[in-house]
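Reading through the structure tokens given below for one structure.
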Number of protein chains: 2
Amino acid sequence: MAAETAGHAAPGPRRTPGSRSRPGLDGAQVADAAVAIADAEGLAALTLSRLAAQLGVRTPSLYHHVDGLDGARRAVALRGLRDLGTALRDAAVGRSGPDALRAVADAYRAYALAHPGAYAATQRVVPAEDDELRAAAARATEVVFAVVRHWEDDEEELVHLVRAVRSALHGFVLLESGGGFGMPAPRDASFARLVDVQRAGLDAHAAGRPASS
Amino acid sequence: MAAETAGHAAPGPRRTPGSRSRPGLDGAQVADAAVAIADAEGLAALTLSRLAAQLGVRTPSLYHHVDGLDGARRAVALRGLRDLGTALRDAAVGRSGPDALRAVADAYRAYALAHPGAYAATQRVVPAEDDELRAAAARATEVVFAVVRHWEDDEEELVHLVRAVRSALHGFVLLESGGGFGMPAPRDASFARLVDVQRAGLDAHAAGRPASS
DNA sequence: GGTTGGAGACTAATACGATTAGTCTCTGCC
DNA sequence: GGCAGAGACTAATCGTATTAGTCTCCAACC
């Protein structure tokens with residue numbers, strides 16, 4: 001009885017003297033840890049065992065906070081989408097047109113590089129019922145819509161252009177973080193060129209249809 | 001001794017009366033089955049158990065043909081890269097410039113849609129030592145190089161443009177197959193627009209630097 | 001024709017991660 | 001002090017990967 005009153009080997013104090021009643025964890029802490037693991041070691045390294053160890057807790061205890069492994073992955077994805085959305089929004093504020101495009105693109109890439117695990121989690125297929133996840137995704141996408149609207153105001157056509165831009169950004173950061181670029185050429189320059197290409201493509205598109213046709 | 005001479009529950013006859021000596025499998029058959037599973041049920045559904053069941057064999061037997069689960073995934077990736085390379089090459093033959101760009105892009109997308117599992121396997125980080133995998137990837141990328149060279153002949157600059165184009169294609173097919181496009185707008189049209197944007201971007205790029213500067 | 005070598009399948013055994021069920025304790029509240 | 005519930009724990013089950021060791025059959029060689 002002298003050893004291990006409750007089996008804790010956790011880092012630091014475990015209780016919030018204020019509102020919360022029990023020493024235990026909290027969904028946000030679990031998500032934090034999950035994101036940290038995924039970012040540092042890859043999404044595949046995110047296991048419940050690993051997560052529990054990180055938090056100084058036994059695996060089954062995690063089920064009080066997330067819905068199994070899938071739940072943990074979802075938490076990471078949600079965090080990724082929300083943070084990405086915020087980053088994009090911040091980058092876009094006060095800018096428009098090419099200026100906004102570049103800023104948003106840079107923010108997009110920066111986020112993905114800084115949080116490869118969270119970004120990767122974002123790619124998982126989102127169940128149609130998961131409104132929370134869908135909303136977060138939509139919020140991030142909206143920023144791109146707002147930016148591209150500079151070149152095209154017809155909403156239907158806009159969807160296509162946004163898809164093109166998103167695809168380019170998404171593809172680049174995945175190839176980059178996955179080591180998909182074999183050549184030694186500087187990736188920063190490549191990304192700048194990618195944005196140039198998109199920009200020029202949008203310009204040409206806008207020039208081709210001066211009005212909403 | 002009456003029951004189960006060798007423990008087979010395999011589908012159909014198991015031997016090639018001709019050249020091969022033993023009833024057993026063959027690396028190519030294993031790869032075929034792995035690709036089939038990955039394409040039909042997703043890369044995550046590719047497990048050794050599942051693969052063994054598919055082939056009418058016990059799990060450990062697979063180790064004679066592939067190097068564990070990672071080996072199976074690698075086999076799928078290799079198949080994907082090779083087939084993709086071939087498809088791109090076929091699409092490019094006899095064309096150049098915008099015509100080639102569109103044909104290659106369409107072939108790229110068609111492959112990814114037809115073989116989502118194999119395409120997904122392609123994304124895995126490739127170890128630097130894996131020459132076979134790298135060669136297959138390079139072969140596919142070369143086609144894009146050849147196409148984009150129409151717009152830019154400086155090899156260093158070309159690398160950037162190729163990355164931009166690859167990124168766009170890669171990003172699109174991933175978003176598409178991952179259900180990343182929430183809107184109902186037709187995806188074919190989006191993809192066509194994406195190619196237009198890339199094309200116009202390349203045109204603008206070429207116009208901006210008439211010579212190799 | 002018998003022997004031998006090896007490919008390739010199998011069973012047995014181990015380890016690890018996910019998940020569920022049931023138990024125990026601590027905290028805050030009445 | 002007693003009660004209710006949050007939240008951690010142990011025990012147990014299951015699926016999958018992986019390794020070790022065994023067995024059988026085919027084919028080439030003597």
Side-chain angles (χ1 to χ4, degrees), chain A residues 1-11 13-30 33-34 37-38 41-76, chain B residues 1-31 33-34 37-38 41-76:
Chain A
M1 244 198 214
E4 294 272 5
T5 308
H8 290 169
R14 201 66 157 311
R15 52 192 307 170
T16 320
S19 54
R20 231 34 182 283
S21 55
R22 208 61 199 328
L25 295 172
D26 164 321
Q29 290 176 55
V30 175
I37 293 170
E41 302 168 41
L43 192 54
L46 177 62
T47 66
L48 291 185
S49 300
R50 180 83 187 64
L51 185 55
Q54 178 97 0
L55 293 163
V57 139
R58 299 298 190 153
T59 306
S61 304
L62 295 176
Y63 284 78
H64 285 291
H65 306 289
V66 293
D67 189 12
L69 180 58
D70 277 342
R73 295 199 182 119
R74 177 185 175 278
V76 175
Chain B
M1 245 196 213
E4 292 273 4
T5 308
H8 291 168
R14 201 65 156 312
R15 52 194 306 171
T16 320
S19 55
R20 230 36 181 282
S21 54
R22 207 62 197 327
L25 295 172
D26 161 323
Q29 288 176 57
V30 175
I37 293 170
E41 302 167 41
L43 193 53
L46 177 61
T47 65
L48 291 186
S49 300
R50 180 84 186 64
L51 184 55
Q54 179 96 358
L55 293 163
V57 140
R58 301 297 192 154
T59 306
S61 305
L62 295 176
Y63 284 78
H64 285 290
H65 306 289
V66 291
D67 189 13
L69 180 58
D70 277 343
R73 294 199 182 120
R74 176 185 175 279
V76 175

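Every chain is numbered from 1 and lettered A, B, ... according to where its sequence line falls, protein lines coming before strand lines.
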Rounded interatomic separation in angstrom, taking NE2 from A:H65 and P from C:dT19 = 16 Å
Residue pair A:R50 / A:L46, side-chain heavy-atom distance below 4.5 Å = no
Not counting sequence neighbours, which residues clear side chain to side chain contact (heavy atoms under 4.5 Å, CB included) with B:A33? List them please.
-> B:L51, B:Q54, B:L55
How far apart are the closest heavy atoms of A:A38 and A:V76, and which atoms are they?
-> CB-CG1, 4.3 Å
Least distance between heavy atoms, A:A44 atom then A:T47 atom | O-CG2, 4.3 Å
To the nearest Å, how far apart are B:L55 CG and C:dA9 C1'?
-> 13 Å
Interatomic distance, A:R58 CZ vs D:dA12 C1' [rounded to whole Å] = 15 Å
Give, for atom CZ of B:R73 and atom CG of B:L48, the distance between the pair rounded to the nearest 0.5 Å.
-> 8.5 Å
Partners meeting salt bridge (charged side-chain N to carboxylate O under 4.0 Å, His left out) with B:R74 (sequence neighbours left out) = B:D130, B:E132
Produce a footprint string for nucleotides 16-23 of chain D: one letter per nucleotide, 5' end first; B if the base is under 4.0 Å from any protein heavy atom, S if only the sugar-phosphate is, - if neither.
-> SSBB----
Measure the distance from CZ on A:R73 to C1' on C:dA18 and round it to the nearest whole Å.
-> 11 Å
May I have the distance from A:L62 (atom CG) to C:dT19 (atom C1'), rounded to whole angstrom?
-> 12 Å
